[in-house]
Amino acid sequence: MAGFSVQRYAPERSAWGKLTARDSLVRKLDWPLLGSALALSFIGSLLVYSATRGRDSLTHGDPYYFLFRHALNTGIGFALMVGTIWLGHRTLRGAVPVLYGLSVLLVLAVLTPLGATVNGAHAWIIIGGGFSLQPSEFTKITIILIMAMLLAERVDAGDQLHPDHRTVAKALGLAAVPMAVVMGMPDLGSVMVMVVIVLGVLLASGASNRWIAGLLGAGVAGAIAIWQLGLLDEYQIARFAAFANPALDPAGVGYNTNQARIAIGSGGLSGTGLFHGTQTTGQFVPEQQTDFVFTVAGEELGFLGAGLILVLLGVVLWRACRIARETTELYGTIVAAGIIAWFAFQSFENIGMTLGIMPVAGLPLPFVSYGGSSMFAVWVAVGLLQSIRMQRPISA
């Protein structure tokens with residue numbers, strides 16, 4: 001980009017031209033972040049297996065069907081993380097416009113005959129062989145990257161102290177394009193996450209508080225308009241109604257939340273034991289391997305096991321916050337902040353809906369829930385965080 005000084009990672013080298021132990025890439029990895037993410041994925045594999053091993057209609061008679069696929073998704077996600085670290089977030093910065101364009105094309109493809117409807121949301125592309133793709137998961141990453149590229153360009157070049165109004169407006173306009181398409185699917189849960197991401201990015205960029213206030217006001221006005229104009233589907237309205245009044249239809253729209261709360265409440269302090277939850281083995285909680293996977297932890301591992309998941313998610317967020325604070329470039333700070341906003345809100349929403357304190361929005365629990373697109377996206381995000389931590393900017 002014009003005016004941007006190219007920066008690359010340049011570790012110190014010994015007299016023999018090899019990386020010194022101090023500056024080796026392995027030593028520069030954020031191990032608490034990596035270890036927590038791996039632990040969450042491992043726990044998720046156990047929970048997914050417990051939730052699906054007895055559901056022959058889903059597993060086609062193979063109790064290890066979802067366990068194998070969850071492990072495969074984690075492995076592919078880990079490889080994507082390694083590839084992201086190898087390329088580096090600054091190298092990817094040059095490819096952001098292309099990645100953004102591809103993500104917009106993918107979400108648009110969902111609206112063509114290639115798209116498929118799952119649980120009321122027309123948000124998927126069926127690939128074949130039992131595999132599908134949810135483009136909105138990758139759109140979360142490209143929104144972070146395109147906004148970071150625009151908002152940080154002139155600041156990192158030393159031309160400005162903060163992004164100007166024109167740059168902020170351009171960044172918001174680019175973020176609004178895929179968000180509008182995803183809203184039309186409709187995938188309200190993903191749009192909620194994207195809105196929080198945009199807020200997190202703007203806060204980290206140093207943009208004027210008037211933009212934050214204006215965006216919040218526009219969001220409230222937009223939500224009221226969508227409700228008044230009847231733009232929500234019936235199932236979405238029913239979910240909000242059930243959230244406001246859980247006793248409204250306990251055998252219908254309120255069934256998922258009620259059964260989830262029963263499962264979590266029955267776990268007590270230490271749980272009923274892995275693979276021994278009556279709600280889980282009885283298949284009372286729908287979508288338990290994806291949206292409601294936290295109920296398996298609450299029932300079978302109890303407060304201690306569920307608390308461990310919260311602690312691990314907290315470590316991921318803590319390390320991401322530290323990376324955002326310690327980087328010396330605004331671009332890296334904005335990218336890390338967007339990922340923090342994404343992980344924090346999506347985790348809160350997913351766990352909150354199982355507890356009945358948030359409406360059901362169909363969002364997976366990062367690293368834990370079954371789902372390839374979500375798993376790939378969160379591991380790419382970890383790769384970006386690791387790259388930001390490992391690369392020190394120096395002028396070319």
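Here the structure is a predicted model, which means the values were calculated and not measured.
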- request: Please step through ring-ring contact (aromatic ring centres under 6.0 Å, His included) for the pair Y49 and Y64, ending with a clear verdict.
  value: CA-CA 7 Å; Y49 173 63; Y64 300 102; 5.5 Å; yes

- request: Evaluate the side-chain hydrogen bond (donor to acceptor under 3.5 Å, both in side chains) criterion for residues H89 and E329: first the C-alpha distance (whole Å), next the side-chain angles of each, then the deciding distance (0.1 Å), finally the verdict.
  value: CA-CA 12 Å; H89 69 287; E329 57 178 0; 2.7 Å; yes

query: Checking side-chain contact (heavy atoms from CB on, under 4.5 Å) for the pair V96/T142: CA distance, chi angles, key distance, verdict?
result: CA-CA 7 Å; V96 166; T142 56; over 6 Å; no

task: Check step by step if side-chain hydrogen bond (donor to acceptor under 3.5 Å, both in side chains) holds for N350 and S347.
output: CA-CA 5 Å; N350 177 276; S347 298; over 6 Å; no

- request: Please step through side-chain contact (heavy atoms from CB on, under 4.5 Å) for the pair I334 and M147, ending with a clear verdict.
  value: CA-CA 8 Å; I334 294 175; M147 292 189 71; 5.6 Å; no

query: side-chain hydrogen bond (donor to acceptor under 3.5 Å, both in side chains) between T272 and E300: does it pass, once the steps are laid out?
result: CA-CA 5 Å; T272 59; E300 299 187 346; 5.4 Å; no

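The line from CE of M194 to OG of S136 is 5.0 Å long, rounded to the nearest 0.5 Å.
Contact check for L38 versus F78: side-chain heavy atoms found under the 4.5 Å cut-off. When side chains are defined from C-beta on, W342 does not count as touching V196, because their heavy atoms never get closer than 4.5 Å. Between S373 and F138 there is a side-chain heavy-atom pair separated by less than 4.5 Å.
Evaluated for a side chain to side chain donor-acceptor pair (under 3.5 Å) with Q279, the options Q288, E299, Q259 yield exactly one hit, Q259. Residue L363 forms a side-chain contact (heavy atoms from CB on, under 4.5 Å) with just one option from M192, M358, E349, M353, and that option is E349.
Connection of I262 to V296 is not established within any shared hydrophobic cluster, with ILVMFWY side chains joined at heavy-atom distances below 4.5 Å, either directly or through further cluster members. V104 and V195 fall within the same hydrophobic cluster, where Ile, Leu, Val, Met, Phe, Trp and Tyr residues are linked whenever their side-chain heavy atoms come under 4.5 Å apart, directly or through other members.
Heavy atoms from other residues, nucleotides or ligands lying under 6.0 Å from CZ of F42 number 12 at most.
K28 and Q386 share no donor-acceptor pair across their side chains, judged by distance under 3.5 Å alone.
Residues E326 and R389 are not paired through a salt bridge, judged by the lack of any N-O separation under 4.0 Å between the basic side chain and the carboxylate.
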